[in-house]
Amino acid sequence: MRPSGRLHLGHHHGVLKSWVRLQHEYDCFFCIVDWHALTTDYAQVDKLQQHVMDMAIDWLAAGVSPSSATLFVQSHVPEHAELHLLLSMICPLGWLERVPSYKEQLERATGEGLSTYGFLGYPLLQAADILLYRAGQVPVGADQLPHIEFAREVARRFNHLYGSEPDFELKAEAAIGKLGKKVGKLYRNLRRAYQEQGDAEALETARALLKEQSNLTLGDQERLFGYLDGDGKVILAEPQPLLGDFARIPGLDGQKMSKSRDNAIYLRDSETEVEEKLRRMPTDPARVHRDDPGEPQRCPVWSLHQLYSNDECMHWALEGCRSASIGCLDCKSALCSSIQRELAPLQQRAIDYEGSPELVRSILAEGAEHARDEARETLADVRRAMGLNNR
Ligand code: SF4
């Protein structure tokens with residue numbers, strides 16, 4: 001996540017809640033990508049440190065836990081930069097120029113000085129962020145799918161360039177022999193199920209099976225990963241998108257909540273701030289007077305009730321709006337209490353972390369150490385594959 005200031009309810013519902021769930025289901029790496037912030041905001045760096053700190057505090061306060069996941073800052077793991085550099089050698093320029101978000105942002109930001117090398121290359125830096133950890137899945141929204149596809153294409157090109165061997169099939173068969181009779185047979189069955197029926201679950205099981213084989217050399221393991229697809233050694237794994245059920249949170253103007261639109265309620269906003277912000281929020285345009293009945297489905301305030309209020313409160317708002325027995329200010333006041341009820345424990349944790357910046361820094365430092373252990377392994381394979389292993 002790119003550090004751009006304190007996080008808002010859109011981040012909370014759209015991302016952080018799913019991360020809190022995913023950290024118990026997967027081996028998760030969550031990265032504050034400060035280098036990415038520089039790809040667009042290179043001229044405004046005075047607040048970058050504070051933004052990084054705020055982001056870490058908001059993550060921790062929301063329940064992303066260093067005991068369940070790895071939390072770190074991108075620039076603390078220089079391997080991201082080296083992999084980015086090495087991948088830049090093989091990434092055709094046209095691939096970067098056709099990334100949809102690059103074209104869109106460039107058109108939107110004419111005159112903002114985004115015709116830079118760093119901005120053009122940011123999808124490749126993002127690919128390096130993913131490929132460095134040989135990530136199996138990346139939690140994204142639908143708008144990020146082209147970026148995952150881009151990372152997959154880069155990995156495929158890398159593997160094609162550096163993973164092919166003249167006697168690949170013979171070596172792969174020899175490696176299966178080293179798995180032992182039972183595991184070897186299971187591997188063959190899973191490979192057949194994937195190749196003949198496209199069984200994606202069989203592919204995942206086969207990959208997990210290979211990861212457990214401690215008696216295989218790294219080279220044989222890469223060969224057998226590649227043999228599942230049939231083309232060559234897999235040095236960089238192709239990531240899959242993990243599409244989340246990301247709720248679209250309306251902001252104070254009814255549009256998507258975002259910092260740039262200045263329509264956000266922040267996780268650390270006080271009750272008074274939330275109350276004042278909700279007061280400005282548009283309601284059902286048909287409810288001009290207090291006596292006019294309204295329709296919650298036409299009202300962005302109702303969308304927030306659905307996320308924050310309990311059944312009793314939602315029933316009260318629904319009936320009260322349609323019968324005009326409550327006013328919009330009553331409705332917003334009840335919503336404010338519901339939001340506050342959910343945010344109160346998070347805000348208390350945030351206060352604790354704000355008072356212990358050293359603790360936050362040490363969590364990020366430990367995360368970076370763990371991330372580097374993983375990153376070094378991948379980079380060693382990449383260097384070796386690219387003829388740079390003479391250290
Ligand atoms: Fe919206 Fe509530 Fe007013 Fe109905 S009563 S229009 S749901 S703010």
Side-chain angles (χ1 to χ4, degrees), residues 1 4-21 54-55 57-59 61-63 139 141-143 243-351:
M1 193 185 282
S4 59
R6 290 189 176 195
L7 301 185
H8 53 64
L9 302 188
H11 295 115
H12 191 212
H13 281 278
V15 182
L16 294 179
K17 283 187 168 184
S18 79
W19 285 10
V20 170
R21 185 172 38 80
D54 277 336
M55 180 160 278
I57 290 174
D58 283 339
W59 285 7
D143 58 335
L243 268 176
D245 180 19
F246 299 123
R248 183 184 171 277
I249 311 291
L252 300 172
D253 54 1
Q255 302 296 308
K256 186 183 173 198
M257 189 176 284
S258 84
K259 187 186 175 205
S260 56
R261 286 198 175 93
D262 192 24
N263 67 356
I265 296 174
Y266 292 92
L267 295 182
R268 284 186 259 167
D269 276 352
S270 69
E271 188 165 1
T272 318
E273 284 169 315
V274 174
E275 201 156 11
E276 274 171 15
K277 286 180 173 180
L278 288 179
R279 222 187 284 266
R280 285 166 24 210
M281 215 170 162
T283 57
D284 174 7
R287 262 206 108 176
V288 181
H289 305 292
R290 167 73 171 74
D291 297 344
D292 296 334
E295 175 45 59
Q297 304 299 342
R298 290 192 296 255
C299 176
V301 176
W302 173 246
S303 307
L304 290 180
H305 263 301
Q306 288 175 302
L307 291 170
Y308 285 96
S309 297
N310 58 28
D311 289 348
E312 194 188 339
C313 181
M314 283 200 293
H315 181 74
W316 168 84
L318 200 72
E319 293 297 313
C321 178
R322 286 177 177 160
S323 64
S325 63
I326 61 167
C328 288
L329 282 179
D330 305 322
C331 184
K332 289 175 173 181
S333 170
L335 172 62
C336 183
S337 305
S338 301
I339 292 177
Q340 210 49 43
R341 206 173 305 125
E342 179 155 338
L343 292 188
L346 184 154
Q347 292 182 341
Q348 185 51 54
R349 287 193 291 271
I351 290 170

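Both counts, for ligands and for their atoms, begin at 1 and track the order of listing.
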Distance from Met257 atom CE to His12 atom NE2, nearest 0.5 Å? 12.0 Å
Set of salt bridge (Lys or Arg N to Asp or Glu O under 4.0 Å) partners for Arg268, sequence neighbours left out: Asp54, Asp58, Glu354
Using atom types as modelled and distance alone, determine if a side-chain donor or acceptor of Asp284 lies under 3.5 Å from a backbone N or O of Cys299. no
Flag the pair His8 / Ile249 as yes when at least one side-chain heavy-atom distance between them is below 4.5 Å, and no otherwise. no
What are the protein N/O/S atoms, named by residue and atom, that sit under 2.8 Å from atom 2 (Fe) of ligand 1? Cys331 SG
Roughly how far, to the nearest 0.5 Å, is NZ of Lys332 from OG1 of Thr283? 5.5 Å
Would you say that Ile265 contacts Leu278 through its side chain, given a criterion of any heavy-atom pair below 4.5 Å between the two side chains? yes
